[in-house]
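As structure tokens, the structure follows; a few thoughts come after it.
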Number of protein chains: 2
Amino acid sequence: MGQVCAMYGVPGTMAKPRINTMKELSETIGVSRPTLSRYFRDPSAVRPSTSKKIQERLSEVDYVYNFLTTRQNRKSTELIGVIVPSYKDLFFASLIESIEQSARDLGYTIITQSSNGDTGVEANAVRKLRSMSVDGAIVAPIGVGADHDAFAAASEDFPLVFVDSRPVRSMLVADFVGTDNTQSIGAIVEYLCRTGDPPVFLGMPHLNANAEEREHAYRAKMLELNHDAKAIEPAVAGGSWEFEAFGYAVMDDCFGRREFTNSTILCANDRIAIGAIRAANKHGLFSRGGIAGGGLRIAGHDDHPLSQYMFPALTTVAQDVEGIADAAIQLLAQRARGGRSTETVEVFLNAAMMPRESA
Amino acid sequence: MGQVCAMYGVPGTMAKPRINTMKELSETIGVSRPTLSRYFRDPSAVRPSTSKKIQERLSEVDYVYNFLTTRQNRKSTELIGVIVPSYKDLFFASLIESIEQSARDLGYTIITQSSNGDTGVEANAVRKLRSMSVDGAIVAPIGVGADHDAFAAASEDFPLVFVDSRPVRSMLVADFVGTDNTQSIGAIVEYLCRTGDPPVFLGMPHLNANAEEREHAYRAKMLELNHDAKAIEPAVAGGSWEFEAFGYAVMDDCFGRREFTNSTILCANDRIAIGAIRAANKHGLFSRGGIAGGGLRIAGHDDHPLSQYMFPALTTVAQDVEGIADAAIQLLAQRARGGRSTETVEVFLNAAMMPRESA
DNA sequence: GTCATATTTTTACGCGCGTCAAAATCATGA
DNA sequence: TCATGATTTTGACGCGCGTAAAAATATGAC
């Protein structure tokens, strides 16, 4: 205690007496341990006068309940696992932030892990969640090559909801919450066709289901609008999650050959579009005036937080990240409360057009 | 079991028999529970033949040890808490990714939380780490208005190492790992002076210690090089962590008044620089040629993952994120092993010049 | 085959708290 | 003041595993 003051040197700061166990606390506070236990679980579960008394004494001491131990015997740990392919992707970062927010509101604690785009790491992360007895998990899957057994085993233990992209076919049937690619891609294709040349499509590396789904949605919408669909064939390998580098490399190559320099290019996501814009700027395709000078237009998908700071500002469709996070948490909470036996749920949210400068 | 196959529909997938407790496992595997316990702690702590036997049988069953329970009685939980102000900042995202990596290598599990730039949330996060009995915590502090008591109490329980920015003065004495702002800012100021006009400084909102430190380092270096230091006075309030918006607003305002349009501007971090570049582009200050046309130059600090995709590509200094993460984890591991009593350690790493197009 | 040493098994207790049942105490209204 | 339902206290057991000590067994050199 004296140490504290000496160490922090802030006058007036008096360290409260440290209490380590609930038993100890019950003695210094003057109520029985079971009553305390009930209080912590739900303050209104004890008589108001008792509740008030505990609350007051509690503020005078330094006691933190043991998280690990309390979770050990409860039927519910109130832990929710989250697995994303990468932290260094602002879309996932936004998602995690929203998930943490929604979870906090419901009293859940989030355990976040990155799979680093590696199926082995992803499987280990799932296993760790199992060993932590989480009440549920939200997974933005890698997709290709996922460890089926790990997920299957996990889904025996707790509800699993996939977000962002659906697990590849035949993996397992599980809940899903994400953007309706048909709607989102449809909206931006419609916008692009209405405001200029019909777009060609620059896909993303086939790392997850969105790659296929978005290209498919693009083709469908183009067909509906009576335009020829055309996807740019990447001249570079795209096996990694470095989307900007991918978009840049592919378009730098095209523009170098003077291909697509006057086209409208719809990219499968904003990160690819950011790379493509960089390539376009390098080749001077956007240099006249602030807005697109020639016929070149580039559009994206997601509404990445930095898209509006690109030059030109990226026209895109905004995924409802908060909506996805909230729906996922709600779904898990519901399942955890007993709804395990219901049918698989798939929630598709709409995305909103964000017309800006680039298209 | 039959359920599994039916549910996942993958032929050939046989669910392994599920084992729930270690006692149960010891029976089906044919060794005593204490021996198993020792094996899980360190496979080489048992006789090779026993180790091999356990390993083999283990692969035939589905057993995951109970994470919560195992941590309960160990002297060490092998949990490390991480608190950052925001996930939606690629610098912190990179940091978390590196920390998770380094931690994994040493067998630690990371508990990440975002303080959302809110001191109340930050204090709660610290409290939660206390209740989880973490072995240590890595905190990128908010700085202003931090809850002293929460940190003081926490540092009584486990070693705390601050990263990125030092806690504001008089908060508490604790370990720190981060970039040597004097070196990093010095390097880029030197570079800028050598290659063009001496820079003016666009600071960051005073949310943490880096704000002051970097401006101070800038002034010191300018003095050393016999140049007049000058900081841009933000015409807008900058109380949030939306750095791009801040940089954009401040410079849009300046450029609108035709101020600093031919200057060299050193931004306190890349996110501010990204906003500033956007403003410059909006005002057509970068439009001639691919590279800076007029005299305007903009530089940043950090080497944000997207800096190279800006147009023009941002000249900056790269923080050694991996080095910071690794040093922080190492420091914590060392403290956890008993080095609690040693003196406070401050590790300053160097940053590397990343000359690109913008300056 | 024998003995000293290395491992494993037995046995038992503890961690901090959830939880249950029975006994004791409190609150309230007649 | 007493009855009675609501709360709290007592006392006790369990969770899954860490861990320590003593007894039993396996290993390896001779």
Side-chain angles (χ1 to χ4, degrees), chain A residues 18-55 57-58 61-79 107 109 127-128 130-135 157, chain B residues 18-55 57-58 61-79 107 109 127-128 130-135 157:
Chain A
R18 174 61 178 276
I19 308 264
N20 289 307
T21 78
M22 206 156 149
K23 178 159 175 294
E24 199 180 329
L25 179 66
S26 78
E27 284 159 5
T28 70
I29 215 173
V31 291
S32 72
R33 194 176 66 74
T35 300
L36 265 184
S37 181
R38 234 175 314 136
Y39 170 85
F40 281 122
R41 204 123 97 74
D42 177 9
S44 73
V46 300
R47 197 187 302 152
S49 61
T50 309
S51 177
K52 184 157 162 287
K53 173 180 174 187
I54 295 177
Q55 198 181 334
R57 304 291 184 92
L58 212 45
V61 298
D62 178 26
Y63 168 75
V64 286
Y65 67 79
N66 186 315
F67 191 93
L68 271 46
T69 309
T70 55
R71 312 290 145 162
Q72 179 182 356
N73 299 326
R74 288 189 189 164
K75 70 299 297 161
S76 152
T77 57
E78 280 164 1
L79 281 172
T109 297
R127 268 187 281 275
K128 175 157 285 182
R130 281 228 295 162
S131 87
M132 295 180 90
S133 315
V134 297
D135 283 353
D157 288 2
Chain B
R18 173 62 177 277
I19 307 265
N20 289 307
T21 75
M22 208 154 149
K23 180 160 173 291
E24 200 179 329
L25 179 66
S26 78
E27 285 159 5
T28 71
I29 216 172
V31 292
S32 71
R33 194 175 66 74
T35 299
L36 266 184
S37 181
R38 233 174 315 136
Y39 169 83
F40 281 122
R41 205 120 101 76
D42 177 10
S44 72
V46 300
R47 197 187 302 153
S49 61
T50 309
S51 177
K52 183 156 164 288
K53 173 180 174 186
I54 295 177
Q55 198 182 335
R57 305 290 185 95
L58 214 44
V61 299
D62 178 25
Y63 168 76
V64 286
Y65 67 77
N66 187 316
F67 192 92
L68 272 46
T69 309
T70 54
R71 312 290 145 162
Q72 180 182 355
N73 300 326
R74 289 190 189 163
K75 69 302 296 161
S76 151
T77 57
E78 281 164 1
L79 282 172
T109 297
R127 267 187 281 276
K128 174 156 285 184
R130 281 229 294 162
S131 88
M132 295 180 90
S133 315
V134 297
D135 282 353
D157 287 2

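Not measured: the values here are computed from a predicted model. Chain naming here is simple, since letters A, B, ... match the order of the sequence lines and numbering starts at 1 in each.
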What about B:Q72, does its side chain sit under 3.5 Å from the base of C:dC15 through a donor-acceptor pair?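 Present.
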Would you say the base of D:dG18 and the side-chain of B:R33 have a donor-acceptor pair closer than 3.5 Å?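 Side chain to base: pair present.
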Integer-rounded Å distance: [N] [atom2] and [X] [atom1]:
{"X": "A:K23", "N": "C:dG14", "atom1": "NZ", "atom2": "C1'", "answer": "13 Å"}
{"X": "B:N73", "N": "D:dG16", "atom1": "CG", "atom2": "C1'", "answer": "9 Å"}
{"X": "B:K53", "N": "D:dA26", "atom1": "NZ", "atom2": "P", "answer": "11 Å"}
{"X": "B:K52", "N": "D:dA26", "atom1": "NZ", "atom2": "P", "answer": "19 Å"}

For residues 41-48 of chain B, run the donor-acceptor check on the side chains, cut-off 3.5 Å, and write out each pair with its distance to 0.1 Å, sequence neighbours left out.
unit_1: B:D42; atom_1: OD1; unit_2: B:S44; atom_2: N; d: 3.1
unit_1: B:D42; atom_1: OD1; unit_2: B:S44; atom_2: OG; d: 2.9
unit_1: B:D42; atom_1: OD2; unit_2: B:S44; atom_2: OG; d: 3.2

Scan residues 37-49 of chain A against DNA chain D and write down, sorted by residue number, each residue with any heavy atom closer than 4.0 Å; if none is found, say none.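 When residues 37-49 of chain A is checked for heavy atoms under 4.0 Å from DNA chain D, the hits, listed by number, are A:R38, A:V46, A:R47.
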Between A:L36 and B:L36, name the one whose nearest nucleotide on DNA chain D is closer to the 5' end.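 Result of the comparison: A:L36.
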Using the rule side-chain contact (heavy atoms from CB on, under 4.5 Å), only one of A:V134, A:D135, A:T109 pairs with A:E78; which is it?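 When side-chain contact (heavy atoms from CB on, under 4.5 Å) is applied between A:E78 and each of A:V134, A:D135, A:T109, only A:D135 qualifies.
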Give B:T35 one of three labels, base, sugar-phosphate or nothing, depending on what nucleic acid heavy atoms sit under 4.0 Å from its own.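 Result for B:T35 = base.
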Is the shortest side-chain N to carboxylate O distance from A:R18 to B:D157 below 4.0 Å?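 Between B:D157 and A:R18 there is a salt bridge, with a charged N closer than 4.0 Å to a carboxylate O.
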Taking the side chain of B:P34 as its heavy atoms from C-beta onward, which of D:dA20, C:dT8, D:dT8 lies nearest to it?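 Nearest nucleotide to the side chain: D:dA20.
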Is B:T70 reaching over with its side chain to a backbone N or O of B:N66, donor-acceptor style, under 3.5 angstrom?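 Side chain of B:T70 to backbone of B:N66, a donor-acceptor pair under 3.5 Å: yes, one is there.
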